[in-house]
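First up is the structure itself, then whatever we jot down about it.
So that the names make sense, note that chain A is the first sequence line, chain B the second, and so on, each numbered from 1. All values below were derived from every heavy atom in this structure, side-chain atoms included, with hydrogens, water molecules and symmetry-related copies excluded. Computed from a prediction, not measured in an experiment: that's the story for all the values here.
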Amino acid sequence: MRILFMGTPDFARANLQALCDKGMEVVGVVTPQDKPKGRGLTLTPCDVKKYALEKGLPVYQPLTLKDGAFLDTLKELDPELIVVVAYGKILPKYVLDYPKYGCINGHASILPEYRGAAPIQRAIIDGKTETGVSIQRMDIGIDTGDVICVEKVTIEPSDDFEAVHDKLAVASSKGLLKAVQLLSDGKATYTPQGDEFTYAEKITKDDCYIDFNGAVNDVHNRIRGLSPIPLSFTRTADGKVLKIVKAHISDKSANGKIGEVVFLDSSIHVKCKDGVIALDIIVPEGKGRMNARDLINGRKIAVGDILG
RNA sequence: CGCGGGGUAGAGCAGCUCGGUUAGCUCGUCGGGCUCAUAACCCGGAGGUCAGGAGGUUCAAAUCCCCUCCCCGCAA
């Protein structure tokens, strides 16, 4: 089956890799334009493009799919199936209709929950203990397609975004291969999503701000849901940003003010509304990541300091 | 030329603004002591080409000037 792959980040890369490893016939890879990234704003290709180049797959980077220019590419490659994973652009109807087997998408949630941009992070932040990947037959809406199959994964209490992301990448690859098999066998079934759905909005800076005046569980969920990227943060008394990579719920109890550093051992224990959160790994502004212990040894923080 | 922080013992930092005796702190580490015991406490030790340039200024530079290399945060 002639497959055209469309995707952008590492999550998509894992899926593309799975298809290739399985020996699927990937006739082309579509990714967005390279963007200026990092220090110095150097033009950087996305993970999917890097991988495609390594494998010698033809890469296409159309500015837009909206005008018919992309149609020429489609005709040239003549895919029988388009696989889309975290591509970032909406596919126009003419693209959806082109392939014989349609367009399928791997979305990192159990649809119709968490449609949209940041399903993994939102699920963790919300304290979910289970999520998954849905392979859907794409339609005009955003993640509104009929579901072909679902692969579930468990979210452990200690899992952060990266851990769940990696589990889902595996699950997604598995689901995708299964879906492709079903399609080629003509055995695919399509389950409509129903009317009750939720959206997983894109993560903004506001989402990253830690509110210690909340339940310690929520604080913890937010920290792990956003780690190791983009990372949640708080501020020191002098306004410096302190990003939190890892934390755990402390067994200490304390009377301090909200956001007050109440205890120091190898972690920084901070008072929340109904408990204490212990910060383990930190990224101070202008610095790299370090253990809380190191920050304490450098005399940068003390009991009584107020964070937030 | 996007903005900014930084490279000082194994780790995190101070010292540099206003150059000057043995480069300091919190840890770790090693040895000893106290203790029923300890990641606690006490005593002592080892460990540093102060990123690099047989650069510049100076009687004297970790500290001032110049060049190079490397690391990181933000923003995208």
Side-chain angles (χ1 to χ4, degrees), chain A residues 7-13 30-50 59 61-64 86-90 116-118 120-122 125 160-162 165 200-212 222-254 259-270 276-308:
Chain A
T8 307
D10 186 63
F11 187 81
R13 191 227 84 236
V30 178
T31 79
Q33 300 262 306
D34 295 355
K35 283 176 187 161
K37 265 190 167 177
R39 238 166 274 131
L41 300 178
T42 31
L43 221 51
T44 312
C46 64
D47 290 320
V48 165
K49 181 180 176 183
K50 285 185 208 160
V59 174
Q61 298 180 280
L63 269 173
T64 174
Y87 174 57
K89 287 181 183 173
I90 294 177
I120 307 177
Q121 294 93 327
R122 296 287 178 197
I125 291 172
D160 62 8
F161 166 71
E162 185 175 41
H165 168 280
E201 301 286 346
K202 200 173 97 178
I203 301 292
T204 66
K205 184 137 187 155
D206 287 342
D207 292 314
C208 298
Y209 181 74
I210 297 171
D211 179 13
F212 289 113
R222 181 169 302 277
I223 289 171
R224 62 200 187 97
L226 299 173
S227 177
I229 44 166
L231 289 180
S232 52
F233 72 95
T234 183
R235 288 178 190 282
T236 57
D238 57 346
K240 294 280 172 55
V241 170
L242 222 51
K243 295 200 164 195
I244 314 303
V245 178
K246 191 171 181 301
H248 66 273
I249 294 171
S250 171
D251 54 11
K252 309 280 177 196
S253 57
E260 182 174 351
V261 175
V262 290
F263 189 78
L264 296 174
D265 48 17
S266 54
S267 305
I268 297 167
H269 298 249
V270 181
V276 176
I277 186 85
L279 312 178
D280 298 314
I281 302 179
I282 317 277
V283 181
E285 184 172 324
K287 296 286 187 180
R289 71 165 55 185
M290 64 179 72
N291 294 322
R293 185 85 215 176
D294 292 331
L295 192 74
I296 296 164
N297 282 338
R299 296 297 183 83
K300 295 298 186 188
I301 195 146
V303 170
D305 287 358
I306 306 287
L307 300 179

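At the phosphate of C74(B), OP1 or OP2 sits under 4.0 Å from a side-chain N or O atom of K243(A). A sub-4.0 Å separation between OP1 or OP2 of A75(B) and a side-chain N or O of K37(A) is absent.
Nucleotides C71(B) and G56(B) place their C1' atoms 27 Å apart, quoted to the nearest Å. Taking atom P in both G7(B) and C16(B), one finds a spacing of 13 Å when rounded to whole Å. Separation of the C1' atoms belonging to A62(B) and G48(B) is 11 Å when rounded to the nearest angstrom. With both ends at atom P, the span from C67(B) to A60(B) equals 23 Å, rounded to whole Å.
If you take NZ of K205(A) and P of G73(B), they are 14 Å apart, rounded to a whole angstrom. The distance between atom CZ of R289(A) and atom P of C71(B), rounded to the nearest whole Å, is 17 Å. Taking atom CG of D294(A) as the reference point, atom P of A9(B) lies 14 Å away to the nearest angstrom. One can place CZ of R39(A) at 8 Å from P of C71(B), the figure rounded to the nearest angstrom. As rounded to whole Å, 14 Å separates atom P of G73(B) from atom CG of L242(A). For the pair K287(A) NZ and G73(B) P, the interatomic distance rounds to 12 Å; values are reported in whole Å. Between R293(A) atom CZ and U26(B) atom P there is a gap of 13 Å when expressed in whole angstrom units. F233(A) places its CZ atom 9 Å from the P atom of A75(B), with the value rounded to the nearest Å.
When each of T44(A), D34(A), T31(A) is tested with K49(A) by the rule side chain to side chain donor-acceptor pair (under 3.5 Å), just one qualifies, namely D34(A).
Residue contacts shown for V283(A) are limited to sugar-phosphate atoms, with no base heavy atom under 4.0 Å away.
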Exercise for the section: Before giving the answer on side chain to side chain contact (heavy atoms under 4.5 Å, CB included), spell out for R122(A) and D207(A) the whole-Å C-alpha distance, their side-chain angles and the decisive distance to 0.1 Å. Expected result: CA-CA 10 Å; R122(A) 296 287 178 197; D207(A) 292 314; 3.0 Å; yes

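Side-chain contact between L279(A) and S267(A) is absent, with no heavy atoms from C-beta onward closer than 4.5 Å.
Within 6.0 Å of NZ on K89(A) lie more than 12 heavy atoms contributed by other residues, nucleotides or ligands. Counted within 6.0 Å of CD1 on I90(A), heavy atoms from surrounding residues, nucleotides or ligands total 12 or fewer; the atom is thus considered open.
Base pairing of G12(B): its partner is C25(B), meeting the Watson-Crick or G-U wobble criterion (both donor-acceptor distances under 3.5 Å).
A donor-acceptor contact closer than 3.5 angstrom is absent between the side chains of D206(A) and T204(A).
Nearest-nucleotide positions on RNA chain B for V241(A) and G40(A) put G40(A) closer to the 5' end.
Residues passing the salt bridge (Lys or Arg N to Asp or Glu O under 4.0 Å) test with K50(A) are D47(A), sequence neighbours excluded.
Listed by residue number, N297(A), G298(A), R299(A), K300(A) are the residues of residues 295-308 of chain A with a heavy-atom contact under 4.0 Å to RNA chain B.
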